[in-house]
Student: 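Attaching a single structure in structure tokens format; questions to follow.
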Amino acid sequence: MAKIQTPQAVRGTQDIFGEDQERFQHVVETFERVRRLYGFKGVQMPVFEPTAVFARSLGETTDVVSKEMYSFEDRGGDSLTLRPEFTAGISRAYLTNGWQQHVPLKLSTHGPLFRYERPQKGRYRQFHQLDAEIIGVSEAAADVELLCFADQLLKELGISDGVTLQLNTLGDAESRDAWRDALVEHFQAHRADLSKDSQDRLERNPLRILDSKERQDRPIADSAPDIDAYLSTEAKEFFAQVTEGLDACGVSWTRNSRLVRGLDYYRHTAFEFVTDRLGAQGTVLAGGRYDGLIESLGGPVTPAVGWAAGIERLGMLLADAPAVPLELAILPMGDTASVKALSVASELRGSQFSAEIFGSGKFKKRMARANQVGALAAIIIGEDEMASGKVQFKNLATGEQTELDVTAVIEKMWDLRFSEDLDSFDADLTDLEQDVAQLGEGD
RNA sequence: GCGAUCGUAGCUCAGUUGGUUAGAGCGCCGGUUUGUGGUACCGGAGGUCGGGGGUUCGAGACCCCUCGGUCGCCCCA
């Protein structure tokens, strides 16, 4: 008999489980919590769109569109594409659903994205992003709010120490075009000295020469004109408002005048939160203002800003996988106790305590299991307890064991939880007091 | 798409210039302990040496192809 070939996972896809899943989940939950603090509404978007949505918004000549999309024809003969990013789909939804009526619109979403790329650490063919967008606000306040949101997210994830916010402006359409012409002229003059890649870029995407990693390009890129000289007074004012706002929010940033976007619809603010801990995949969260995008999909001129962040990359930066311990492990002994265990479990769960029955195998083994999963307490139900109507309640941290009825167990668990909350509240308070004290010293 | 590097148990890795039945630690299962965890000791299961082809009396080691991971480039979160 021929041996069956075990199927492999598709290249660049992941089966996220165990500690990785904890990390992933923690990133998403933190995002969902922080996003509410800023009043962003959640949205769910289709995973595929008509190919034209991406082709038109990103531009036919971009790498993403020309060689990285998962495009296919469906049974009806339509060309569809698995989304390689969120913004185009959201813009499409904005137009098709008449969301203009909800402007200003603050949206957030997260989910899988697909790009046919060479996989590496922190780079997958199916990967996952968090996304936040503000549509319909042309003022710099939107850029600031989005950046504060991003900054707080990274702080709450505990990874802001290794990450810096790099900020730049691309100006308005006029500024940008003037600067672009000046750059082309500059690079044209040094064309012969540019790397082969950058000579290509000169045709397709001249701004990209600025952040080239090629050694021979650096002197030419570094001596290229900054945008500052070409900014209109409005654009200058806009950027000033962004930086003032960031300072007011306590968001630290550094100017990177070589930070650019390849796509034409980007205006004004461009930013990246960058780390040096993930090798070539150092960008952890990035975005900017894309006032020209909705227009490129045939809609009215609509201002918009947004960012996206790689969930896997954020997860990899987390110091420890946040453990979610089981609260109660229920260990029945014998058939009648097993039935009793079911009613005890549902009562505990109904009271909002996590509980799991460890019902099969040797008792000793089950106790070890309870300990291993980090259960706070074990509940033992056996012959004696069936007779008395109570259970053995064993605190697995202290080893202390008492006989209680289920109501008393619930009370005890509430006390335990309450005292933990108090402890963390006290810790927060201490931090706050220290911050206040430092502020006082600073004056 | 280009360049480099790696691929031996579930995990981390050993495996001498090609030579008998491929090893260790951790983990897993069982026992010492049939109503009580973290320790200790003893035992056990688990391997298409990524896959295919070739060289050879003999290949986990050498050659070719292929798949996958990783690092860089491109691009990007």
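Please read these numbers as outputs of a predicted model, since none were measured by experiment. Throughout, protein chains are lettered first and strands after them, A, B, ... in sequence-line order, and every chain is numbered starting at 1.
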Student: Using the C1' atoms only, state how far rG58(B) lies from rC73(B), rounded to an integer number of Å.
Tutor: 43 Å

Student: Can you tell me the Watson-Crick or wobble partner of rC75(B), both distances under 3.5 angstrom?
Tutor: none

Student: Checking base pairs now: Watson-Crick or wobble, both atom distances under 3.5 Å. What partners rC13(B)?
Tutor: rG23(B)

Student: Rounding to an integer number of angstrom, what distance separates rA14(B) and rG47(B) when you compare their C1' atoms?
Tutor: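 My reading of the C1' atoms in rA14(B) and rG47(B) gives 15 Å.
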
Student: Can you check each nucleotide of nucleotides 65-77 of chain B against protein heavy atoms at under 4.0 Å and return B for base, S for sugar-phosphate only, - for none, in 5' to 3' order?
Tutor: --SSSSSBBBBBB

Student: Side chains of R201(A) and S198(A): do they bring a donor and an acceptor to under 3.5 Å?
Tutor: yes

Student: Reckon Q14(A) touches a base, only the sugar-phosphate, or nothing at all at heavy-atom distances under 4.0 Å?
Tutor: nothing

Student: Sort out for me which residue in I410(A), V409(A), T407(A) forms a side chain to side chain contact (heavy atoms under 4.5 Å, CB included) with S351(A).
Tutor: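 Only one option passes, and that is I410(A).
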
Student: Could you work out the separation of rG25(B) and rG68(B) based on their P atoms and round it to a whole Å?
Tutor: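 35 Å, rounded to whole Å.
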
Student: Evaluate the ring planes of F273(A) and F271(A), with Trp represented by its six-membered ring, and classify them as parallel (under 30°), tilted (30 to 60°) or perpendicular (over 60°).
Tutor: perpendicular

Student: Taking atom types as modelled, find out whether N168(A) and S257(A) have a side-chain donor-acceptor pair closer than 3.5 angstrom.
Tutor: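 No donor-acceptor contact under 3.5 Å links the two side chains.
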
Student: Should rA4(B) form a Watson-Crick or G-U wobble pair with both distances under 3.5 Å, which nucleotide is its partner?
Tutor: rU70(B)

Student: May I ask you to verify whether the side chain of E385(A) and the base of rG35(B) hold a donor-acceptor pair under 3.5 Å?
Tutor: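 For E385(A), whose side chain was compared with the base of rG35(B), there is a donor-acceptor pair (under 3.5 Å).
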
Student: Under a 3.5 Å cut-off for both distances, is rA40(B) Watson-Crick or wobble paired, and to whom?
Tutor: rU32(B)

Student: Using the C1' atom as the point on both nucleotides, what is the distance between rC11(B) and rG46(B), in whole Å?
Tutor: 13 Å

Student: On a whole-Å scale, what distance lies between the C1' atoms belonging to rC28(B) and rG69(B)?
Tutor: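 To the nearest whole Å, 26 Å.
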
Student: Cut-off 3.5 Å, side chains only: do R208(A) and S212(A) have a donor facing an acceptor?
Tutor: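 The answer is no; no qualifying pair exists.
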
Student: State which of rG1(B), rG35(B), rU36(B) makes the closest approach to the side chain of D384(A).
Tutor: rG35(B)

Student: Checking T87(A) against E133(A): is there a side-chain donor and acceptor pair closer than 3.5 Å?
Tutor: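 Present: a donor and an acceptor within the cut-off.
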
Student: With both distances kept under 3.5 Å, what pairs with rC62(B), Watson-Crick or G-U wobble?
Tutor: rG54(B)

Student: Rounded to the nearest angstrom, tell me the gap between atom CE in M333(A) and atom C1' in rU36(B).
Tutor: 8 Å

